[in-house]
There are 2 protein chains.
Amino acid sequence: MSKLDTLDFSVLSLLQENGKASYSDIARKLSVSEGTIRSRIGKMVKDGVFEFIIHVNPNKVGLCVQAIIGLTTKLGRQEEVAGWLHQFPEVRFVAAFSGKHDLMLQAYFSSNEELVHFVNKELAKLDGIDTVDVSIELKQYKDSFSYAIPKNSNNSISS
Amino acid sequence: MSKLDTLDFSVLSLLQENGKASYSDIARKLSVSEGTIRSRIGKMVKDGVFEFIIHVNPNKVGLCVQAIIGLTTKLGRQEEVAGWLHQFPEVRFVAAFSGKHDLMLQAYFSSNEELVHFVNKELAKLDGIDTVDVSIELKQYKDSFSYAIPKNSNNSISS
DNA sequence: TTTGAAAAATGCGAAGC
DNA sequence: GCTTCGCATTTTTCAAA
């Protein structure tokens with residue numbers, strides 16, 4: 001697992017603009033051979049630097065209710081609760097946090113009923129949970145995946 | 001803008017497994033022609049159902065500090081604040097919510113100093129903001145983009 | 001590691017069903 | 001709207017610098 005160099009960052013930048021850019025395209029823009037781009041991308045993907053994915057617009061597939069849920073958990077049971085939450089397909093994101101809530105999660109539902117069911121039936125099953133704070137998304141302003149990449153950073157950091 | 005049918009959902013499902021699957025691959029797996037897959041994908045992308053992107057692992061590019069920040073805003077100034085936040089490359093996600101915070105945002109920084117600067121200098125400039133609640137991510141358990149797609153939903157919904 | 005060239009596979013546009 | 005059919009482009013492999 002080595003550091004990323006300038007070329008790697010240029011590749012990332014072009015791929016952030018267009019996730020479907022071809023190796024050849026990128027190679028032409030960066031004035032290197034297609035094989036170089038392919039090997040750089042292959043290495044980065046293998047090392048977990050990035051992955052090729054599709055981002056589905058939840059609203060377009062009927063997931064109209066989006067929520068961020070903050071939890072406090074009983075001492076020593078956070079991992080257990082997080083592991084349980086991990087398994088729900090409705091749950092897109094779970095992490096432990098400092099601050100008011102031990103755990104926060106982001107989840108998508110197709111209706112308010114499903115959200116209520118998730119909170120009152122599924123979460124209620126877990127007695128490691130102390131409190132639940134549900135925030136329902138009213139209007140989205142930004143949901144970007146092309147965040148700023150610090151080009152001068154030390155990138156020998158692992159996941 | 002028409003509904004998605006079973007074939008569209010199957011395509012989405014395969015692309016969620018592998019964002020780099022070729023038209024031909026998908027066509028073979030679903031027993032239709034490559035041209036059909038190509039036109040379905042083209043239509044869905046045009047309609048904003050999904051997009052091809054790369055997902056960069058923030059930790060691998062030096063963005064080691066991840067935060068969720070909850071804000072309360074002065075009455076009537078939420079849009080203005082959200083619009084301002086939108087412009088920061090550090091800010092990945094912003095949305096208005098019901099619940100304790102009017103706005104919540106997710107942001108990535110390369111150091112605690114940068115987070116502190118963002119909160120104390122940048123956010124402080126906005127007098128539309130009343131309160132700020134910063135939660136720092138300690139451990140991530142899930143960050144998925146292959147969320148469950150309800151196959152039986154009514155999908156004439158727009159963004 | 002990067003490059004170049006040949007072979008295989010994929011993507012693309014157009015025509016016909 | 002789906003398929004087939006050429007042709008352009010891309011991807012893949014591999015040998016060599």
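Letters go in sequence order (proteins before strands), and every chain restarts at 1. No hydrogens, no waters, no symmetry mates; every other heavy atom, side chains included, goes into these values.
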Note: for B:Gly35 and A:Asp25 on DNA chain D, the residue whose nearest nucleotide lies more 5' is B:Gly35

If I take atom NZ in residue A:Lys46 and atom P in nucleotide C:dT1, what distance separates them, rounded to the nearest angstrom?
10 Å

Please determine if a side-chain N or O atom of A:Ser24 lies less than 4.0 Å away from the OP1 or OP2 oxygen of D:dT11.
yes

Separation of C:dA9 atom P from B:Lys20 atom NZ, nearest Å, is 18 Å

C:dT2 OP1/OP2 closer than 4.0 Å to side-chain N/O of A:Arg40
yes

Protein-nucleotide distance (B:Glu34, atom CD; C:dA8, atom C1'), rounded to Å
16 Å

Tell me, please, whether B:Tyr23 has A:Lys20 positioned over its six-membered ring: NZ or CZ under 6.0 Å from the ring centre and within 45 degrees of its axis?
yes

Working to the nearest 0.5 angstrom, can you tell me the gap between B:Leu30 CG and B:Thr36 OG1?
10.5 Å

Tell me: OH of A:Tyr23 to P of D:dT13, nearest whole Å?
11 Å

B:Thr36 near the nucleic acid: base, sugar-phosphate alone, or nothing, with a heavy-atom cut-off under 4.0 Å?
base

Hey, is B:Asp8 close enough to B:Lys43 for a salt bridge, meaning N to O under 4.0 Å?
no

B:Leu7 side-chain proximity, nearest of D:dC2, D:dT3, D:dT11
D:dC2

Whole angstrom is fine here: how far is it from CD1 in A:Ile37 over to C1' in D:dT12?
16 Å

If I take atom CZ in residue A:Arg38 and atom P in nucleotide D:dT13, what distance separates them, rounded to the nearest angstrom?
8 Å

Is any side-chain N of the basic residue among B:Arg40 and B:Asp5 closer than 4.0 Å to the acidic one's carboxylate O?
yes

Interatomic distance where CZ belongs to B:Arg28 and P belongs to D:dC2 [whole Å]:
19 Å

State the CG-NE2 distance between B:Asp130 and B:His101, to the nearest 0.5 angstrom.
11.5 Å

So, is A:Ser22 close to the D:dT9 phosphate, meaning a side-chain N or O under 4.0 Å from OP1 or OP2?
no

Considering only side-chain heavy atoms of B:Ser33, which listed nucleotide, C:dT2, D:dT3, D:dT11, is closest?
D:dT3

Just how far, in rounded Å, is P of D:dG1 from CG of B:Leu30?
18 Å

